[in-house]
Chemist: 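Once you've had a glance at the structure underneath, I'll fire off some questions.
In the text below, chain A, chain B and the rest are named by the order of the sequence lines, each starting its count at 1.
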Number of protein chains: 2
Amino acid sequence: MHKELTAKGKATRNRIIEGAAAVLREKDVSVATLDDVMARTRTSKSQLFHYFPEGKDELLLAVAHHEADQVLEDQQPYLGCLDSWEAWQRWRDQVVKRYAEQGEECPLGSLVLHLGRSTPGARDVVVTLMRQWQESLATGIRALQTAGQLPAELDVEHRAAALLAGIQGGVLILQSTGRADHLRAALDQGIGDLRRAAAV
Amino acid sequence: MHKELTAKGKATRNRIIEGAAAVLREKDVSVATLDDVMARTRTSKSQLFHYFPEGKDELLLAVAHHEADQVLEDQQPYLGCLDSWEAWQRWRDQVVKRYAEQGEECPLGSLVLHLGRSTPGARDVVVTLMRQWQESLATGIRALQTAGQLPAELDVEHRAAALLAGIQGGVLILQSTGRADHLRAALDQGIGDLRRAAAV
DNA sequence: AAAAAAATGGACTTGCAAGTCCAGTATCCG
DNA sequence: CGGATACTGGACTTGCAAGTCCATTTTTTT
């Protein structure tokens, strides 16, 4: 990585990444072209290769990083304070809303799939995202334990993992079928079972 | 659809579909080429376009259909008779085993994603698959109700939907991170919560 | 068995998108 | 102020993969 990036350079680089992200929200990665990115960001070929010498894949990887950060930032306000049942409900609503609005597109998903094993580091992006996400959920469950709302012997990681899987699957189905039922069901069932565990 | 397909023609057509499916298990759809399919199936360009006049997309859609059928066929022996807790456990083990072996690849997923909205019918493949899958799960839950193992007032569809979401998410995470923890957690949690509902 | 229809082989065209090159302009730094 | 270094523009090359075409062989049909 060459660090010789002036302020203007950084700005341009960011403009490219965000422009590329926008393009990828409109069309799939397999049909999105560098010319699309150029058109949207008013840059030239040489700039793209100046900032991303390895070419398209390097750019896409940067976009993936950007998008992954976005996912957590978006829900941080809710995900960061899951210390009451009401907070969990608010978070649930926000997740459903966010993905219902996003609808078809999952730039991150198709991005990682497309980069796949060919690009080292692509997998890391999603691995890291999943770990952080699950960690936040686990923290939330522990907060409920601390508040005495849940028994201490609950297997926190196990429940967090199952919940995360439900979310991912719900979003996947939402994206491939257009129906949000499964996402809602997974969240409600997951939270509901948690509440039932409290009653024991 | 032209029905003028002789026995030999049908055979060749199937050979192409299965060969293409095999290719797609090795490489992503975006890098898989018609020449790959030709090489593997010992066919020529003109044969591909003879059997799939619309070109690559039509072939890919046919492969998607084929793969979707496969998914259900594979687990039918287990999925078809979920009438005891032991049967559920056997099914669970088989799902985990199957996807752990399959590992990285999910031809169907990337296929549908790639065809996306451009190809009408691509979405239908996955919609149908999900509906049938969920239906089988629901049937299994109802079987337990009939056997008196579960209360009659349980919301069957809701639980089936949540379980399906958990599976899909678990598989997704397995594929993008290489870890099967989430798939196992989702299944165990889903079945476990079902059993706990029995105790009430 | 001969005409018709279907199946096959493979060379050729076409189009597009990634990546290269070099020349020109702005910006930084001593 | 002046050299160096970073930034930008756009024409050009290259390679590959989808799709076309027609000649040839095999099978079906009457």
Chemist: Verify the cluster assignment for A:M130 and A:W91: are they in a single hydrophobic cluster under the rule of side-chain heavy atoms below 4.5 Å apart?
Modeler: yes
Chemist: State the CG-CG distance between B:L108 and B:L24, to the nearest 0.5 angstrom.
Modeler: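 Answer rounded to 0.5 Å: 10.5 Å.
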Chemist: Could you state the atom-to-atom distance from NZ of B:K45 to C1' of C:dG10 in whole Å?
Modeler: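 Interatomic distance, NZ of B:K45 to C1' of C:dG10: 10 Å.
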Chemist: Quick one: pull up CG in A:L34 and CG in A:L60 and give me the separation to the nearest 0.5 Å.
Modeler: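 Rounded to the nearest 0.5 Å, the CG-CG separation comes to 8.0 Å.
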Chemist: Looking at B:T43, I'd like to know whether one of its side-chain N or O atoms comes within less than 4.0 Å of OP1 or OP2 on C:dG9.
Modeler: no
Chemist: Can you tell me if A:F52 has over 12 outside heavy atoms packed within less than 6.0 Å of its CZ?
Modeler: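 Yes, enclosed.
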Chemist: Expressed as a whole number of angstroms, how long is the span from B:L5:CG to C:dT8:P?
Modeler: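 Interatomic distance, CG of B:L5 to P of C:dT8: 10 Å.
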Chemist: Going 5' to 3' along DNA chain D, between which two nucleotides do contacts with chain B fall, using a heavy-atom cut-off of 4.0 Å?
Modeler: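 Reading along DNA chain D, I get D:dA17 to D:dT28.
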Chemist: Please report the distance, rounded to the nearest Å, between CZ in B:F52 and P in C:dA7.
Modeler: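 Rounded to the whole Å, the gap is 12 Å.
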Chemist: So that I can tick it off, tell me whether A:E18 and A:R13 are bridged by a salt bridge, with the cut-off set at under 4.0 angstrom between side-chain N and carboxylate O.
Modeler: no
Chemist: Is a salt bridge present between A:E101 and A:K97, judged by a nitrogen-to-oxygen distance below 4.0 Å?
Modeler: yes
Chemist: Return whichever of B:S46 or B:K56 has its heavy-atom-nearest nucleotide of DNA chain D closer to the 5' end.
Modeler: B:K56
Chemist: In whole Å, I'd like the distance from the NE2 atom of B:H50 to the P atom of C:dA6.
Modeler: 8 Å
Chemist: Counting the atoms with a prime plus P, OP1 and OP2 as sugar-phosphate, which does B:S44 contact under 4.0 Å by heavy atoms, base, sugar-phosphate, or nothing?
Modeler: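 Base contact - B:S44 has a heavy atom under 4.0 Å of at least one base atom.
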Chemist: Using a cut-off of 4.0 Å on non-hydrogen atoms, how would the nucleic acid contact of B:T33 be classed: base, sugar-phosphate, or nothing?
Modeler: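 Sugar-phosphate, backbone atoms only, no base.
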Chemist: Does A:R90 come within less than 4.0 Å of A:D93, counting only side-chain N to carboxylate O?
Modeler: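 Salt bridge flag = no for A:D93 with A:R90.
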Chemist: Using the closest heavy atom to pick a nucleotide of DNA chain C for each, name whichever of B:R15 or A:K8 lands nearer the 5' end.
Modeler: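 It is B:R15, whose closest nucleotide lies nearer the 5' terminus.
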Chemist: So, is B:Y51 near the phosphate of C:dT8, with a side-chain N or O under 4.0 Å from OP1 or OP2?
Modeler: yes
Chemist: Tell me: CE of B:M38 to C1' of C:dG10, nearest whole Å?
Modeler: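 Atom-to-atom, B:M38 to C:dG10, this comes out as 8 Å.
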Chemist: So which one's nearest nucleotide on DNA chain D is more toward 5', A:K10 or B:E54?
Modeler: A:K10
